[in-house]
Undergrad: 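A single structure is presented below for examination.
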Amino acid sequence: MKKRLLSGFVFAASAIYVAYQYMSGNVSSTATTVADATQTAQSPIATTVDTSTSSTQTTSTPTPTQTPTPVSTPVVTPTPVPVVTKPKGQYADGTYTGSAVDAYYGMVQVQAVVQNGALATVTFLQYPSDRRTSQQLNNQVMPILKSEAIKAQSANVSGVSGATHTSEAFIQSLGDALAQAKNS
Amino acid sequence: MRTTRTDIMGMPISVEVVGASPETLDAIFEYFTSVDTRFSTFKSDSEISRINRGEISLDAYSDDMREIFSLAEKTRDETRGYFSIQRPDGSIDPSGLVKGWAIRNAARLAEQLGHTNYFIDAGGDIQSHGVDEQGRCWTIGIRNPFNHAEIVKVVQPNGKGVATSGTYLRGQHIYNPHQPGATLDDIVSITVIGPDIYEADRFATAAFAMGREGILFIESLGGHEGYTIDANSVATMTSGFEQHVL
């Protein structure tokens with residue numbers, strides 16, 4: 001019953017969202033079916049992905065404004081990256097763009113900056129999070145579901161479920177960037 | 001006894017089939033190897049690589065390839081377009097679908113060989129059934145996205161599939177000095193318990209791409225439960241998730 005209520009709410013909220021999009025002039029026809037509604041919600045997202053992709057393919061020095069949200073262009077410090085433990089002087093100074101690697105639900109691509117022969121910064125040029133949808137809609141519905149602070153458990157288990165894809169894609173893209181930087 | 005191999009599909013694969021002969025385990029691993037050979041985009045001579053190079057015409061696709069393409073189309077429609085095997089450069093990469101599909105087929109193979117007590121884990125996506133060697137129900141921990149050595153929840157899948165999609169990198173954004181607080185509401189992982197691992201995996205993948213809305217998408221699906229963790233270490237669960245919690 002709870003699920004039905006929620007589904008109904010999500011649908012209603014989607015319809016409102018679509019109506020809003022329509023009034024904003026984002027769509028040219030009236031959305032009257034579920035299929036129409038999802039299509040409409042989808043279109044700005046697809047555009048975002050395309051823009052991000054084409055910009056990273058055509059330039060090696062993109063600025064944060066080329067990606068749709070601040071989320072997708074964070075700069076991480078080199079500390080967590082294992083490669084910085086290698087001897088200094090291994091890489092030629094410069095800015096290198098790694099290959100775009102498929103993380104299954106989106107592409108991951110990094111840019112590595114080498115200073116004084118060592119990896120200085122890594123910037124995400126592409127990150128799957130740029131496909132997020134209406135935050136407003138989410139915040140309205142979210143309180144219905146139960147939340148809790150996560151807490152470490154000590155039980156013995158048969159196995160562990162966890163994700164690795166993006167980490168692998170990150171390592172692959174960074175590895176590619178550093179291969180370009182390597183002093184031969 | 002658990003057998004783990006790390007040379008197939010680019011991820012650790014662990015298989016435990018209670019009371020099984022070595023031949024049964026071999027058959028299961030051979031199956032995973034055959035899937036890798038056909039679908040790996042990292043192998044230049046795989047069928048998918050040859051398709052992407054235009055070397056195989058549509059009518060010459062293998063039955064497995066046709067099935068995956070058809071499942072991919074279905075999944076795209078069911079996830080509001082969030083799941084796509086078509087890459088921005090036009091190439092096809094069905095990896096996101098193949099993993100869960102392969103685990104499910106491996107489980108079916110175990111059943112065909114007469115086994116109902118098994119645990120098959122490929123890269124943290126798990127299909128289990130029945131009980132372990134001691135006759136206890138299989139249990140699965142959900143990994144702490146911020147500390148790989150920890151689990152933050154223990155669930156009993158009761159024959160269902162359990163898959164997690166996410167990243168452990170996003171958590172680092174919290175400490176990003178250049179954008180303090182910018183991503184604090186971000187989702188770092190979502191675990192889905194579904195009717196089987198194929199269903200759980202594909203919907204976990206799509207739900208993760210939806211960000212905060214992902215858990216609502218899982219809530220709206222019949223037969224699926226989910227547990228998502230954000231960058232603040234706050235988890236949100238679907239209304240029936242706690243049935244599986246130990």
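Because the structure is predicted, anything quoted here is derived from the model rather than measured. Proteins come first, then strands; the chains are lettered A, B, ... in the order of their sequence lines, and each starts at number 1.
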Undergrad: Relative to chain A, which segment of B/Phe217 carries a heavy atom at a distance below 4.5 Å: side chain, backbone, both, or neither?
TA: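 Answer is neither: B/Phe217 stays 4.5 Å or more from chain A.
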
Undergrad: Side chain of B/Glu133, backbone of B/Met1: donor and acceptor closer than 3.5 Å?
TA: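 At least one qualifying donor-acceptor pair exists.
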
Undergrad: For each of B/Val234, B/Leu97, B/Ile151, tally heavy-atom pairs with chain A at distances under 4.5 Å, and name the one with the top tally.
TA: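 Answer, by heavy-atom pair count under 4.5 Å with chain A: B/Ile151.
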
Undergrad: Find the one option among B/Ile85, B/Asp121, B/Ile142, B/Ile126 whose heavy-atom pairs under 4.5 Å with chain A are most numerous.
TA: B/Ile126

Undergrad: Assess the pair B/Tyr198 and B/Trp101: is the distance between their ring centroids shorter than 6.0 Å?
TA: no

Undergrad: Under a 4.5 Å heavy-atom cut-off, does chain A meet the side chain of B/Arg2, its backbone, both or neither?
TA: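 Answer is side chain: those atoms of B/Arg2 sit under 4.5 Å from chain A.
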
Undergrad: Any Lys/Arg nitrogen of B/Arg80 or B/Glu213 sitting under 4.0 Å from an Asp/Glu carboxylate oxygen of the other?
TA: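 Salt bridge flag = yes for B/Glu213 with B/Arg80.
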
Undergrad: Could you check whether A/Lys146 pairs with B/Glu242 (Lys NZ or Arg NE/NH1/NH2 to Asp/Glu carboxylate O, under 4.0 Å)?
TA: yes

Undergrad: For the candidates B/Gly124, B/Ala163, B/Ser128, B/Ala204, which exhibits the highest count of non-hydrogen atom pairs separated by less than 4.5 Å from chain A?
TA: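 Among B/Gly124, B/Ala163, B/Ser128, B/Ala204, the one with the most close pairs to chain A is B/Gly124.
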
Undergrad: Quick test of your reading of the model: are B/Asp125 and B/Lys99 salt-bridged, counting only N-O distances below 4.0 Å?
TA: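 Salt bridge: yes.
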
